[in-house]
Amino acid sequence: MAVHETISHPKNGGDAPATLGLDLALQGGGSHGAFTWGVLDRLLEDDGLHFSGVSGTSAGALNAAVMASGYKKGGRDGARAALTEFWRDVSRSGSIFSPFSAGQAHSLSDNFKLDKLPGYQWMSSFFRSFSPYEFNPLNLNPLRDVLRRHVDEDAVHASGLRLFITATSVTTGQARVFTGRDITVDVLLASACLPFLFQAVHIDGEPYWDGGYTGNPAIYPLIYQTAALDILLVRINPLVREGTPTRSEEIMDRLSEITFNASLMSEMRAISFVSRLVREGKLDPGRYKDLRLHMVADDEGLGPYGANSKFNTDRAFLEDLFALGRTAATSWLKKHRADIGVKSTLDVDREFLRGPKKHKPA
């Protein structure tokens, strides 16, 4: 059965341990998911970290499934190797996150921004004028072939990692979180399906779009379906982007970022409220969790690339993002490794409630 919004909250207590390692929450963001590849690569080097559950959306879902598939076959080293091969395949396969080819971006000196490429404005206007049912009637999706090469569904189901993959129901507009044996290549495609670029993915007769609209990523399955109290968010979408966009493409890009961050901000605010009430003794700690939240992010490093660079699959660009992710994870581990299981290192109020400012890797 897939996990839905209505999930009963299990009580803590009895013989169950207070924590079972570290949960991961992986955001989506097209090729910027290569930043998360770097973060995971570094975290997997630490034998003392044990992942209990992983919630992922879009590129975060792809990273989670590839990692689980590799982990089942070769442990931590197998997971790292699987992620590396996946992202290298993405760079070879071209237009994975968009029908627009970004092959020329390697020659750009302006932070791999695709709007500098000849014809980008025309192509972008084309995709907004015609639906994928019109310009891609055969529903060709190169990502499907890439996933089939790198995701073994049986291995994912048997990996021991609890995955939660979010997609958005076109019919109801609500999040559906798939877990267990419900996770398939089609579910991953649904989680990464941008409706202006690809046809909706049908699962059990229902159409689905990108999960980022309703959960980027969804945090609540980690609260209700795992015993861990520590959640590490890998955030790749900036909460703050300086300046006012003036061109139509820039406006649409920023609107997409705001939309894809909205559900996360809402969940974080709810978590902060509940945790405060638990600490103040106003809620039963046996029924509600006082979570320890952590975050790896690098707005300063990722921000200059621009939202449209999320469609760029050039290998040099992906490797730059990978290096940023590894550096950010290394910095976070150095500062906060000892805090796992002890206290939160993410100030939710500062980051999500009071208009956070850009910050260096943490």
Side-chain angles (χ1 to χ4, degrees), residues 27-36 57-60 95-102 104-132 135 168 192-198 209-217 234-266 268-269 295 297-314 317-318 320-321 324 350-361:
Q27 269 201 328
S31 63
H32 287 197
F35 176 88
T36 303
T57 296
S58 196
S95 306
I96 295 299
F97 299 108
S98 167
F100 178 72
S101 176
Q104 302 173 66
H106 182 66
S107 62
L108 296 177
S109 59
D110 190 12
N111 296 320
F112 296 92
K113 293 181 179 179
L114 297 188
D115 57 359
K116 302 298 182 181
L117 294 177
Y120 175 81
Q121 295 293 335
W122 182 87
M123 291 296 292
S124 181
S125 176
F126 174 85
F127 290 132
R128 297 191 188 283
S129 300
F130 298 93
S131 82
F135 67 73
T168 301
C193 178
L194 291 173
F196 289 108
L197 302 178
F198 299 105
W209 283 336
D210 195 296
Y213 294 107
T214 51
N216 193 24
V234 181
R235 183 170 60 76
I236 59 178
N237 292 302
L239 297 175
V240 174
R241 192 176 287 280
E242 300 296 336
T244 302
T246 56
R247 295 189 298 123
S248 61
E249 293 305 317
E250 294 173 340
I251 293 171
M252 292 300 295
D253 286 342
R254 185 54 184 151
L255 281 173
S256 293
E257 286 184 332
I258 292 171
T259 301
F260 273 51
N261 276 328
S263 58
L264 175 64
M265 293 179 71
S266 178
M268 284 299 191
R269 288 168 177 165
M295 181 174 73
D298 185 3
D299 286 0
E300 186 172 305
L302 287 172
Y305 287 121
N308 56 57
S309 67
K310 294 176 181 178
F311 298 137
N312 185 356
T313 56
D314 178 80
F317 179 57
L318 298 181
D320 281 353
L321 294 175
L324 282 176
R350 180 177 68 85
E351 292 289 339
F352 295 94
L353 301 180
R354 300 176 185 171
K357 296 184 181 299
K358 291 189 296 182
H359 54 76
K360 295 181 179 180

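Atoms considered below: every heavy atom in the structure, side chains included; atoms not considered: hydrogens, waters and symmetry mates. When a residue number appears, it is its place in the shown sequence, counting from 1.
Not a single donor-acceptor pair under 3.5 Å links the side chain of T57 to the backbone N or O of G211.
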Test side chain to side chain contact (heavy atoms under 4.5 Å, CB included) on L321 and L302 and set out the steps. CA-CA 8 Å; L321 294 175; L302 287 172; 3.4 Å; yes
Test R235 against E351 for side chain to side chain contact (heavy atoms under 4.5 Å, CB included), laying out the working first. CA-CA 12 Å; R235 183 170 60 76; E351 292 289 339; 4.1 Å; yes
Assess whether side chain to side chain contact (heavy atoms under 4.5 Å, CB included) is satisfied between F260 and D210, documenting all intermediate values. CA-CA 10 Å; F260 273 51; D210 195 296; 3.5 Å; yes
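By the salt bridge (Lys or Arg N to Asp or Glu O under 4.0 Å) test, R269 is found to be paired with no residue, residues two or more places apart in sequence or in another chain being considered. Scanning for side-chain contact (heavy atoms from CB on, under 4.5 Å) contacts around I251 gives P245, L255, with sequence neighbours left out. With sequence neighbours left out, the side chain to side chain donor-acceptor pair (under 3.5 Å) criterion links N237 to Q27, K310.
In terms of heavy-atom proximity, L324 sits nearest to G301 at CD1-O, 3.8 Å. Here the shortest heavy-atom pairing between F198 and C193 reads O-SG, 3.6 Å. When every heavy atom of S58 is checked against every heavy atom of A192, the shortest pair comes out as OG-CA, 3.6 Å. For the residue pair S31 and S309, the shortest heavy atom distance occurs at OG-O, 3.0 Å. Smallest separation of non-hydrogen atoms from D299 and P304: O-CD, 4.2 Å. Residues G29 and A59 come closest through the heavy atom pair N-CB, 4.0 Å.
In this structure, CZ on R254 lies 6.5 Å from CZ on R241, to the nearest 0.5 angstrom. Remark: M265 CE to N216 CG distance equals 12.5 Å, nearest 0.5 Å. In this structure, CZ in F317 is found 11.5 Å from CZ in F311, a value given to the nearest 0.5 Å. Taking OH from Y213 and CG from L194, the interatomic distance works out to 5.5 Å, rounded to the nearest 0.5 Å.
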